[in-house]
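All of these numbers come straight from a predicted model, not from anything done at the bench.
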Amino acid sequence: MKKIAVLVSLLVILGAVGAACAEEPVRIGVYLPLTGQNAFGGQLECDGILMAYDEKPEVLGRKIEVIVVDNKSDKVEAANAVVRLIEKEKVHAILGTYGSSLAMAGGEVAEKAGIPVLGTSCTNPLVTQGKKYYFRACYIDPLQGSAAAKFAMDVLGAKQAAVLKDVAQDYCVGLAAYFKRAFEAAGGEVVADLNYQSGDQDFTAQLTTIISKKPGVLFIPSYFAEGAIIIKQARELGGTFHIMGADAMDNPDMITIGGKDIEGFVYSTFPYAPDMPDMSPMAKTFTENWKVKFPDKDPNANSAIGYDSYMLLVDAIERAGSTDPEAITEALAKTMNWEGVTGSTTINETHDAVKPVGFKMVKDGKQVYVGAVIPEM
Amino acid sequence: MSLEMFIQHFLNALTLGSLYGLIAIGYTMVYGILRLINFAHGDIFMLGAYFVFWGGALFKLPWGLAVVAAIAFTSFCGVLVDRAAYRPLREAPRISALISSIGVSFFIENLCIVTFSAIPRAVHVPQWLGQVHLIGKVRLLPLAVVVPIVSMVLTSGLLWIVYRTKPGLAMRAISKDIETTRLMGVPVNRIIAITFGLGSALAAASGIMWALRYPQIHPFMGVIPGFKAFIAAVLGGIGSIQGAVLGGMLLGFIEIMIIAFLPALSGYRDAFAFVLLIAILLVRPSGLMGEKLEEKV
């Protein structure tokens, strides 16, 4: 009798295990800079991803499990994070990251393991170059740089430009080069091209030199940690030119740091802003849901791109019909006119998203959406 | 280069150099007395800036009071660090205390990431310090004048303490021979605690000045300035207080002038600054104003 009872209970346990196996969750790894110098963008993207996960926690009839790992804004940590996600957490696909240098470090690992990755806001072209498994939900820097050059010439009316960039960041170096190329190709002149290194706080020497060259616009493709301070020092030293930046500056804290000096600062970003006119229905729903979920923080383009990346990846898994990495990779590559919060997205043959570039300006202490530019490549 | 532009570069260099000097004073003082390179100095510096921020943001203290409270509290933290991380290693080889200070540095940074978060914060700058004055075509920030004055006042105050007071006498005795000093009945641990308190107060003062010049604070803000100040202290002759000020000035001027005269090298600013420093140290191994190295027997 006892033996039978044991047998029955064993069968019950086995049955439970079998059922659990059938409902094994789809594991999506996320690696983002949640601490360190890129923490601001990383945290917002993470919030966006988790919000999307709340709205869509299932795919293919299975539960989704999201595993978030902090890459600490560090290239080595980024590679480690991807190793951990693939080897320990056995994820089926990965989302991330903010920061091109981090994405490149992580991409090498994922490529060897053959796990598809969908980048959130790593905009340097090298991230996906020659990679079979790396995709991204954002546009790339040549697109962004040439849109910025077009904006500087057509809207701001600048004929001379100066560039100040961080030589230690692939993102900044790349973006500066694409801006220069596009600005010169359109008949403009680059009168100064100066450098600094991540972590620098004193830019007075570079800025004094730039001011003496009298450019119409200064392009600083920097991260927010340096950008606000650069603008402040430029104004303190008497620079009256327009100042332009890129998506890494999209951060409300730059206004608290820059104060009145940051007025008029223009930067390119993903085409989403909580105050944008003619918002698409998706963007409207996103904004409303965000305000319910995070009442004390405003959504920005990073949170929108984080949300979009998750939704796009889940959509690709759905289209793939399985969690096989190869099938997901194939489905991601075939993304066409996918509608997200940040506009219509098509993944091209280099695995990059083709979408419009938005511009924002600081006006009366607020970030105001100015409009979108579709750049000529 | 026009004259105005040169004067502007000169003023920029003066501000940066005096900030480096100010941080270096604290480094050099602790080294001079304990022969310990306190790598956590840059992080104590960061704490000083954060305490002013929290004093204003959390307790709504007026700015002046927040500064005084922050310096006092940072000083207390310095004493605490000494008690927890350095005092147990007093008898151990010097390298152990050095490693311990690196540990303290990482500990403080990570503690601040967890408690303060890594997001950079904007710092309040009083109007009279932030207002730019236009003199001819040159733009002068009040800080370009205030920082050197603060440096000078703190340097002379420190020299007074070290050379004119009883605890100062004890400090100098400890720097010569800690064992004999103890046998003479000097409360060595208390004097060393005072040294750390003073060193940390100096770090806090420089952190606050730094945050006024570059009004954005984050848990890693002390790393690079701390590193540069350490180089400045070595350049000036580590252990020499006047040397630290001189070394800081020199470093600030080298950094700014390299970019001013050779803009193409702006990305290699640190590399060139340090090559120059190595060259100076090759000629004067004990730094510009350092005492000759003596082997202790």
Side-chain angles (χ1 to χ4, degrees), chain A residues 33-44 70 72-73 162 164-168 173 192-213 223-230 232-233 235-239 251-261, chain B residues 1-2 4-9 11-13 15-16 19-20 110 113-114 117-125 130-132 134 137-141 143 210-211 213-221 223-225 227-228 252 255-261 263-271:
Chain A
L34 302 177
T35 56
Q37 61 156 341
N38 297 338
F40 178 83
Q43 280 171 2
L44 275 166
D70 178 12
K72 297 175 189 161
S73 312
L164 178 59
K165 63 177 185 289
D166 184 344
V167 280
V173 174
D193 180 7
L194 293 177
N195 304 323
Y196 63 90
Q197 288 219 352
S198 309
D200 279 0
Q201 294 277 279
D202 191 283
F203 309 95
T204 52
Q206 289 96 326
L207 289 167
T208 304
T209 307
I210 287 171
I211 289 166
S212 73
K213 301 273 205 277
Y223 282 98
F224 145 74
E226 284 97 14
I229 295 280
I230 293 177
K232 200 167 165 59
Q233 285 178 20
R235 297 300 184 220
E236 278 170 3
L237 288 166
N251 180 330
D253 277 349
M254 71 177 174
I255 295 171
T256 12
I257 290 166
K260 63 179 186 337
D261 292 327
Chain B
M1 185 182 292
S2 68
E4 288 97 26
M5 209 175 138
F6 180 76
I7 295 174
Q8 189 68 63
H9 278 303
L11 284 176
N12 297 342
T15 323
L16 184 63
L19 278 168
Y20 283 154
N110 286 293
I113 289 177
V114 175
S117 96
I119 297 170
R121 311 252 181 193
V123 172
H124 165 72
V125 181
Q131 188 70 43
V132 180
L134 201 59
K137 275 185 181 167
V138 176
R139 285 169 172 259
L140 177 74
L141 264 183
L143 276 173
W210 184 275
R213 179 73 186 91
Y214 311 108
Q216 167 179 292
I217 56 174
H218 52 94
F220 291 108
M221 66 179 277
V223 178
I224 288 177
F227 186 56
K228 296 269 177 77
E255 284 194 4
I256 298 278
M257 292 306 170
I258 279 176
I259 298 180
F261 287 98
L265 295 180
S266 51
Y268 306 97
R269 159 160 109 174
D270 293 352

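Interface residue B:I224: only side-chain heavy atoms are found under 4.5 Å from chain A. Both the backbone and the side chain of A:Q206 come within contact range of chain B, with heavy atoms under 4.5 Å apart. Proximity to chain B is limited to the side chain of A:K232, based on heavy atoms less than 4.5 angstrom apart.
Between B:P120 and A:F224, some side-chain heavy-atom pair lies under the 4.5 Å cut-off.
One finds the CG atom of A:L194 at 8.5 Å from the CG atom of A:L207 (value rounded to the nearest 0.5 Å).
Interface check for chain B: of the options A:Q233, A:Q197, A:E236, A:M254, the most heavy-atom pairs under 4.5 Å are formed by A:E236. Across A:V167, A:T208, A:T256, the residue that shares the most heavy-atom pairs under 4.5 angstrom with chain B is A:T208.
Contacts of B:K228 classified as salt bridge (charged side-chain N to carboxylate O under 4.0 Å, His left out), with partners at least two apart in sequence or in another chain: B:E255, B:D270.
For A:S73 (side chain) and A:N38 (main-chain N/O), a donor-acceptor pair under 3.5 Å exists by modelled atom type.
For residues 199-213 of chain A, the pairs satisfying salt bridge (charged side-chain N to carboxylate O under 4.0 Å, His left out) are A:D200-B:R269, with sequence neighbours left out.
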